[in-house]
Amino acid sequence: MIQLDNLSENLVEDRRDAGIWRNILNKLRRGEMPPEGAPHPGSEERDHAVAVLQSAVERALEERRSTDGRTVLRRLNRTEYQNTMTDLLGYEMDYARDIPPEALSRDGFRNNASSLRMTAVQLEYFLEAARKGLDRVIVAGPPPIVSFRFNFTESNLNRWLLREEQIAKNVVGRMDAFLGHMNPAYPEEGEFVVKVTAAAELKPGKGSPIMQVSVGYRPDTEILFRTAGTVELTSEELQTFEFRGYMENFPQPVRGQIKFSGLVVRVTNVYDDGTPRPKLQSRKKEKGQRRRKQFYPEEPDYPKVRVERVTLDGPVYDAWPPEHHRRILFDSELRETDPRAYVREVLARFLTRAQRRPPEPEEVTRYVEFFESQEANFPVFEERMRETLAMVLISPEFLCLMEPKSEERRPLDAWELASRLSCFLWSTMPDEELLALAETGKLLDPEILGSHVDRMIRDERASRFVDEFFGSWIYLEAMDKVAVDPYYYPGFNENLKTQIHDETRHFLLELLRDDLSTTNLIDSDFLMLNETMARHYGIEGVSGSAFRRVALDPASPRGGLLTQTSLLMGNSTGEDSHPIKRAVWVRKRLLDDPPPPPPANVPELDSESPEFAGLSVREQLRQHRQQASCAVCHVDIDPWGVAFEHFDAIGQWRDDIRRLRARPPVKPVGPERKKEEEVFPLEFDLLPVDAQETLPDGTEIGGVDDLRDYLLGPRREDFARTTVVKLLAYSLGRSLEFTDQPEVDRLTAGFLENDLKLRTLVREVVKSDLFLTK
Amino acid sequence: MKSHRLNRRTVLRGAGVALGLPFLDCMVGAQSKQAAPRRFCALYFPYGVSLPDKDSEHPEWRWFPEGGERDFRFTKTLEVLEPLRHDITILQGLSHPQCRDMGAHDTADTFLTGSKLAGKFLKNTVSVDQVLAASIGHNTRHPSLVLSTDGGVGEPTRASTLSFNENGHPIPSLHSPRTVFERLFGASDDLQTEGRRLHSSASMLDRIVGHSKELRRDLGAQDKVKLDEYLEAVRQIEQRVERSQAWLETPRPELTDEDRELLHLNSDDEAPKELMRTMYDLIYLAFRTDSTRVATYQIGSMGDFSSKAGKFPQLLGFAGTLHNLAHDWTEPGGVVNLGKWDRYMAGEFGAFLERLRSTPEGDGNLLDNTLIFYGSSNSQTHNNSNYPLILGGGRGMGMQPGRYLQFGAETPLSNLFTTVLDRLEVPTEGFSDSTGEMSELYG
């Protein structure tokens, strides 16, 4: 119960009360307050109250957060840093390995300029990463003398894992491997190439095998591998596939390790037909054997990878010094004829790309001076150059998007625009085309700008936009935080988790690339599916690991993001649905109207009572709402989530809710372990599903279909506005403010008129004043 | 009245004489705020110990003592520690809950971290000694000393180091006594490289600060605030670089001839007795000269084929390799064979404690101001609970040694680490899966 006269009037300082006022405002606006049956003010009175409250709330919010409607100096976040370093240096490495992930801003993104901090620890890591990367990119010395070539036509390693009498084979099912053992000498540095000649052994009624090639070793009880590549084999004709990598990025054993020395190149078959994996079986102990030999039974009907040959060559280089070195220390006579001028030119070129604009002569001089000052310290030219370039890579001009002369608002110049644009759509530095357009200034032309937006969206790098923008907006990472209970869902495995994530990614990519309406997030007549996900949803006729558009039956309850497993799972308990989480997701993510957090003194439910505990969560919530203090918020929370009750914790349709009667006891550790395990019977009680609820304004929501209709009907404008606000916040790297309202209104109106087409909105955002202004 | 209290560094710099004097008595004054330094040392041996049942044939070779908290009686294994009885606490029943269902030989990695190795790449978390080093390491030339018999880092699940940094990456260990000696008391080669990079960093940062001041003028008010954050970060790194450079220029501590004669700097894994004693001595000297206050020594790793320590027992006349002794305890006489080795190891450990105890410091001795944690991450081999553990020293830090404490499975070993962090004055809310401090250690 809230006493209005006790609420503070200082909405800037008193945040909690400001939040309550905001909530009151929303209820007034929607006609939910006063409640039915209580005396109502006249509509004039009500409108006046709303107006006064509205402006007070907004003014306060603005004042607190204001950056005056401008993006402050913004540093590259972790993802942007990793991509930029990779593109700038032309060398793949985990540069961001030690850099801690950023916290989410108020808007839910990781690129908010105000929120991004720079600490000494981070700066030290940036310096360390720069030095480490440059040590690899700039070589100092002759090419490696020794190079290795390994050629395997059959596995040369057995007894790979202790208990299994596992003979590594040429015909690889899901429990086998082809192993090429390289011992005692193998390449430890530089680029390597693995070529695998293989074919599929296809089986009727099953999909194609998926070949995965990895490199690693075995410390002892565990194995440590990193994947070099994965490819689906659809043909029974032999083909050769090539994979590349750098040895430094792969796990390598310690020299002198005797037990399982050497490095291994491994081919496995990661196709999953959804059936439970075979269990280890034991042979009878023979005389003199200490332990029984164990093995995995054959699976003759399982699609296989037939390996004919595996070769590994390394280190390989097309030229010496390698391409990444020569791109920076380019070939030139100047190096002999005028070393000082050469150094100057090298630095000028590097600075142009690193700072994302050409440097002033004084800037280059600064670095040349540093270079020369280090001569005694680093007599070797390449070492000295590494240090100098490292200095570039910790300068603010590299680490931040510099938009100086920022006392007043002004339009961005072409270079600044190129950087903002490439961060927005690709989370990296501008590519050569963008830099060229920046140089001529043509990027400022709206036509050209629009056409490049299209080019960038079609490019493969736009997947980063999907991951960073959408991933954060819809909070896709929630699914990684849920531990799916193996007793409830025994078929669930890590592979499925990856596919679930990929389904949503491909759906969002399709939305973007095909210029579809954003309403598809709420309801679509198709899904992006592959064999595994189709099977998960009980849809037939899809085979192969590639995701493709699959039309949905009009009667299907599925469609849009709402019923995709990633979301349903992320908003679950791992055992059961979580209607509150799902409700909050809908209100927060789709309508930008999150419910207020629960009060500090949230009353205890009578969870001790076995009757209560035996109810479905939905029934528990309903009882919960019988308390007035809970009902006041929950009448507007529960219905949004209850609509999803027909979907369990892994997104599958259910007509009943399962509840495990008793959990098996925890397995003991130590000598006890060796005893045979008893089989514990898993028994489930069934509770009825009830997905019916009523919103405070009287709308009946009988399930997901009704929810969709409501969102796309009466709440269509709110949804459109939310999309615009989120896209703007992400593109600008800041929170929106009062002064942005007119643009938000304009873009929302246009968005609605254009049937909420996403790509069109992206283009409009890029061409808007907000994006083009500092 | 002029105070006779000396500031250690002033004396040393001014006189240009031997550095790293032990904490002198005259530095303790009534008004002195300089308390004795507090130290931590972790020692590890693999594969556990001999633990026959009490009603079996050879209960006298059971590692844990008999009896109660204060009236406990050592068995044959630990009776060599009787003279140190009042300076050690034997701990029974402890382990890291998260590591209990790991592969038994994978747990050396997690002895000081308490985490289960996670994910495809078997990722670890920070070890308690590195949390200490991050907090108190700036007081000494070396924030920590990381030693082992095998050297380097080993491999995930077969680590040859006890120490892991804040990102869970292993810290390379030193295995050669000569190298350790050079690092502590000599002029090592590494210093050259270290010095060069530091010089370059210092110059870089200085130039960046200078340039940024110009850059700043061109920015709007809000951007200035952001750039200032960056500059603040730069300044902090500059300070660290300066400090490191200062240490490089400071002369190293000198040792007495007596000290030097006892060290067998050329010993290697073929001479285990000399090697272990020398490593112990080097830790002792590092503590005595305040070259570091945090040390770890992995006496053997769990790589049964590749750990150099594997052959130590055989070289010393015991009945098998480390791994075989541990596994063969079920064979006839196995318990005795393993027990004798356990006793030998305890004896070497005792000699180390005795050296610390017989060196005065302030009102007490070195051992009083040091916490020594000794043990293994298996009880019997292949069993990840009930680690054999001894906590030595710490009387000067409020500890109450001289007892035999028994715990149940609900007490995480990390509670002990929380107490260690607290005793060494590191502000902490806990370590790994700790549920609080191990108050039993205070008596």
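To find a chain, count down the sequence lines: A is the first, B the second, and so on, and within it residues start at 1.
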Inset, instruction - Could you tell me which portion of B/Ser212 (side chain, backbone, both or neither) has an atom closer than 4.5 angstrom to a non-hydrogen atom of chain A? - result: side chain

Legend entry - Exercise: identify the closest heavy-atom pair between B/Gly154 and A/Val254: O-CG2, 3.2 Å

Legend entry - Partner chain A: residue of B/Arg217, B/Arg235, B/His169, B/Lys120 with the largest heavy-atom pair count (under 4.5 Å): B/His169

Legend entry - Where at least one partner belongs to residues 224-245 of chain B, residue pairs that pass ring pair (Phe, Tyr, Trp, His ring centres under 6.0 Å), sequence neighbours excluded: none

Legend entry - Polar side-chain atom of A/Asn377 near backbone of B/Arg196 as donor-acceptor pair, under 3.5 Å: yes

Inset, instruction - Verify, without hydrogens or angle tests, whether B/Glu229 (side chain) and A/Met118 (backbone) share a donor-acceptor contact under 3.5 angstrom. - result: yes

Inset, instruction - Using non-hydrogen atoms and a 4.5 Å limit, figure out which bit of B/Leu227 sits close to chain A: side chain, backbone, both or neither. - result: both

Legend entry - A/Leu116, part contacting chain B, at a heavy-atom distance under 4.5 Å: backbone

Inset, instruction - Tell me, with the steps shown, if A/Leu123 and B/Gln236 meet side chain to side chain contact (heavy atoms under 4.5 Å, CB included). - result: CA-CA 10 Å; A/Leu123 195 53; B/Gln236 283 181 29; over 6 Å; no

Inset, instruction - Quick one: pull up CG in A/Leu73 and CG in B/Leu215 and give me the separation to the nearest 0.5 Å. - result: 8.0 Å

Legend entry - Contact leader toward chain B among A/Arg97, A/Arg226, A/Glu408, A/Arg75, where contacts are heavy-atom pairs under 4.5 Å: A/Arg97

Inset, instruction - Using non-hydrogen atoms and a 4.5 Å limit, figure out which bit of A/Tyr367 sits close to chain B: side chain, backbone, both or neither. - result: neither

Legend entry - Option that, when pairs with chain B are counted at under 4.5 Å, heavy atom only, ranks first among A/Gln122, A/Gln252, A/Glu369: A/Glu369

Legend entry - Top contributor to chain A interface from B/Ser200, B/Ser379, B/Ala409 [non-hydrogen pairs under 4.5 Å]: B/Ser200

Legend entry - Atom group of A/Glu362 that falls short of 4.5 Å from chain B, counting heavy atoms: neither

Inset, instruction - Could you pull out all residues at least two apart from B/Arg197 that satisfy salt bridge (Lys or Arg N to Asp or Glu O under 4.0 Å)? - result: A/Asp135, A/Glu387

Legend entry - A/Thr388 versus chain B, the contacting section by heavy-atom distance below 4.5 Å: neither

Inset, instruction - Might you point out which heavy atoms bring B/Phe121 and A/Phe225 nearest each other, and give the distance in Å? - result: CE2-O, 3.4 Å

Inset, instruction - Would you mind checking which part of B/Asp106 comes under 4.5 Å of any heavy atom in chain A, side chain (CB onward), backbone (N, CA, C, O), both or neither? - result: side chain

Legend entry - Heavy-atom side-chain contact between A/Leu224 and B/Thr157 under 4.5 Å: no

Inset, instruction - Sort B/Val225 into side chain, backbone, both or neither according to what part of it lies under 4.5 angstrom from a heavy atom of chain A. - result: neither

Inset, instruction - Go through the atoms of B/Glu166 and report whether side chain, backbone, both or neither lie under 4.5 Å from a heavy atom of chain A. - result: side chain

Legend entry - Short side-chain to backbone donor-acceptor contact, B/Lys226 and A/Val72, under 3.5 Å: no

Legend entry - Polar contact flag, side-chain donor to acceptor under 3.5 angstrom, B/Ser201-A/Arg131: yes

Legend entry - Side chain, backbone, both or neither of A/Ala113 within contact of chain B (heavy atoms, under 4.5 Å): backbone

Inset, instruction - Determine the minimum heavy-atom distance between B/Ser203 and A/Ser373, stating which atoms define it. - result: OG-OG, 4.3 Å

Legend entry - Heavy-atom closest pair, residues B/Arg240 and A/Ala120: NH2-CB, 4.0 Å

Legend entry - A/Phe370 six-ring centre to B/Arg207 NZ/CZ under 6.0 Å and within 45° of normal: no

Inset, instruction - Would you mind checking if B/Asp223 and A/Lys774 are paired as a salt bridge, meaning a charged N to carboxylate O distance below 4.0 Å? - result: yes

Legend entry - From A/Ile394 atom CD1 to B/Ile237 atom CD1, the distance as rounded to the nearest 0.5 Å: 6.5 Å

Inset, instruction - Heavy-atom distances under 4.5 Å only: say whether B/His199 touches chain A with side chain, backbone, both or neither. - result: both

Inset, instruction - Please look at B/Leu231 and chain A and tell me whether the side chain, the backbone, both or neither of the residue comes under 4.5 angstrom of a heavy atom of that chain. - result: neither

Legend entry - Closest non-hydrogen atom pair, A/Ala390 against B/Met204: CB-CE, 4.3 Å

Legend entry - B/His211/A/Glu397 under side chain to side chain donor-acceptor pair (under 3.5 Å): CA gap, chis, key distance, verdict: CA-CA 11 Å; B/His211 163 65; A/Glu397 290 92 340; 2.6 Å; yes

Inset, instruction - Give, as side chain, backbone, both or neither, the part of A/Arg117 having an atom under 4.5 angstrom from any heavy atom of chain B. - result: both

Inset, instruction - Among the options A/Glu403, A/Met391, A/Arg74, A/Met402, pick out the one with the most heavy-atom pairs lying under 4.5 Å from chain B. - result: A/Met391

Legend entry - Within 6.0 Å of NZ in A/Lys405, more than 12 heavy atoms from elsewhere: no

